[in-house]
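Values below: all heavy atoms of this structure, side chains included; hydrogens, waters and symmetry mates excluded. All chains are named by letter (A, B, ...) in the order of the sequence lines, taking the proteins before the strands, and each is independently numbered beginning at 1.
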Amino acid sequence: MKTEPDTFGIDDLARVKLEPWSGVRNFQARNLMRDEMRVGDEVLFYHSSVAPPGVAGLARVCRTGVVDQTQFDAASPYHDPKSRREAPTWICVDVEFVEKLPRLVPLEELRGMAALADMPLLRRGMRLSVQPATADQYKRIVAAARRRA
DNA sequence: GCCAACGTTGGC
DNA sequence: GCCAACGTTGGC
């Protein structure tokens with residue numbers, strides 16, 4: 001899951017412990033949260049729009065089928081006037097803090113890892129804020145962070 | 001700040 | 001349903 005640390009980063013998640021992943025307004029990303037994620041799924045917490053971008057920490061899906069309340073909030077930048085309460089358009093998940101990695105694993109380093117060649121994150125033009133990763137990719141990134149802390 | 005990539009919007 | 005225009009994302 002990608003996030004801009006200036007807005008909400010791993011330190012913010014560490015502080016609040018649990019956060020509804022609201023504000024996602026892309027159907028593909030919503031479908032991943034709504035249809036693919038399960039309680040207990042491990043999450044790579046990725047910091048974007050900073051130098052350097054990279055995986056900063058770990059989180060976990062702790063609730064699924066969460067109605068994104070910002071869609072009904074007229075004052076929110078994520079307000080969606082077309083969405084109805086009886087059939088909400090935007091469904092997300094709650095994520096809980098697991099840990100801040102001992103070091104940020106930069107995007108550049110991820111690009112250098114052969115085992116990650118197929119990760120959507122590394123594809124050109126990939127902007128999705130929620131993306132799948134395999135268990136193997138997850139383990140390798142965590143291992144890289146611990147190997148050279 | 002630039003710009004490539006890509007999603008969304010809206011005219012037709 | 002097509003597609004050009006536009007807006008956003010996000011690395012650099």
Lys17(A) bridged to Asp94(A) by N-O distance under 4.0 Å:
no
Presence of Tyr46(A) side-chain N/O under 4.0 Å of dG11(C) phosphate oxygens OP1/OP2:
yes
I'd like a table of atom pairs between the protein and nucleotides 2-8 of chain C - only N or O on both sides, under 3.5 Å - with the distance next to each one.
from: dT8(C); atom 1: O2; to: Arg127(A); atom 2: NH1; distance (Å): 2.7

Do Arg25(A) and Asp80(A) meet the salt-bridge criterion of a basic N to acidic O distance under 4.0 Å?
no
Please give, in whole Å, the distance from dG10(C) P to Leu121(A) CG?
10 Å
Do the side-chain N or O atoms of Lys2(A) get closer than 4.0 angstrom to the phosphate oxygens (OP1, OP2) of dT9(C)?
no
Expected output is a numbered-order residue list: members of residues 48-57 of chain A with a heavy atom under 4.0 Å from any atom of DNA chain C. What is it?
Ser48(A), Ser49(A), Pro53(A)
Taking the side chain as every heavy atom from C-beta outward, state whether Pro52(A) and Leu107(A) have any pair of such atoms under 4.5 Å apart.
no
Distance in angstrom units between Met1(A) CE and dG10(C) P, rounded
13 Å
If we ignore hydrogens and angles and just use 3.5 Å, is the side chain of Gln137(A) paired with the main-chain N or O of Thr134(A) as donor and acceptor?
yes
Asp68(A) and Thr70(A): side-chain donor and acceptor closer than 3.5 Å?
yes
Please give, in whole Å, the distance from dG11(C) C1' to Arg111(A) CZ?
8 Å
Integer-rounded Å distance: dG10(C) C1' and Asp6(A) CG:
13 Å
Rounding to an integer number of Å, can you tell me how far Arg123(A) CZ sits from dG10(C) P?
15 Å
Could you check whether Arg140(A) pairs with Asp136(A) (Lys NZ or Arg NE/NH1/NH2 to Asp/Glu carboxylate O, under 4.0 Å)?
yes
State plainly whether the residues Glu36(A) and Arg30(A) are in salt-bridge range, i.e. N to O under 4.0 Å.
no
If we count only N and O atoms by modelled type, under 3.5 Å, do the side chains of Ser48(A) and Glu4(A) hold a donor and an acceptor together?
no
Give the rounded distance in Å between these two atoms: CG of Leu128(A) and P of dG10(C).
9 Å
Does Thr3(A) reach the main-chain N or O of Pro5(A) with its side chain, forming a donor-acceptor pair under 3.5 Å?
no
Atom-pair distance (CE on Met126(A); P on dC12(C)), nearest Å
15 Å
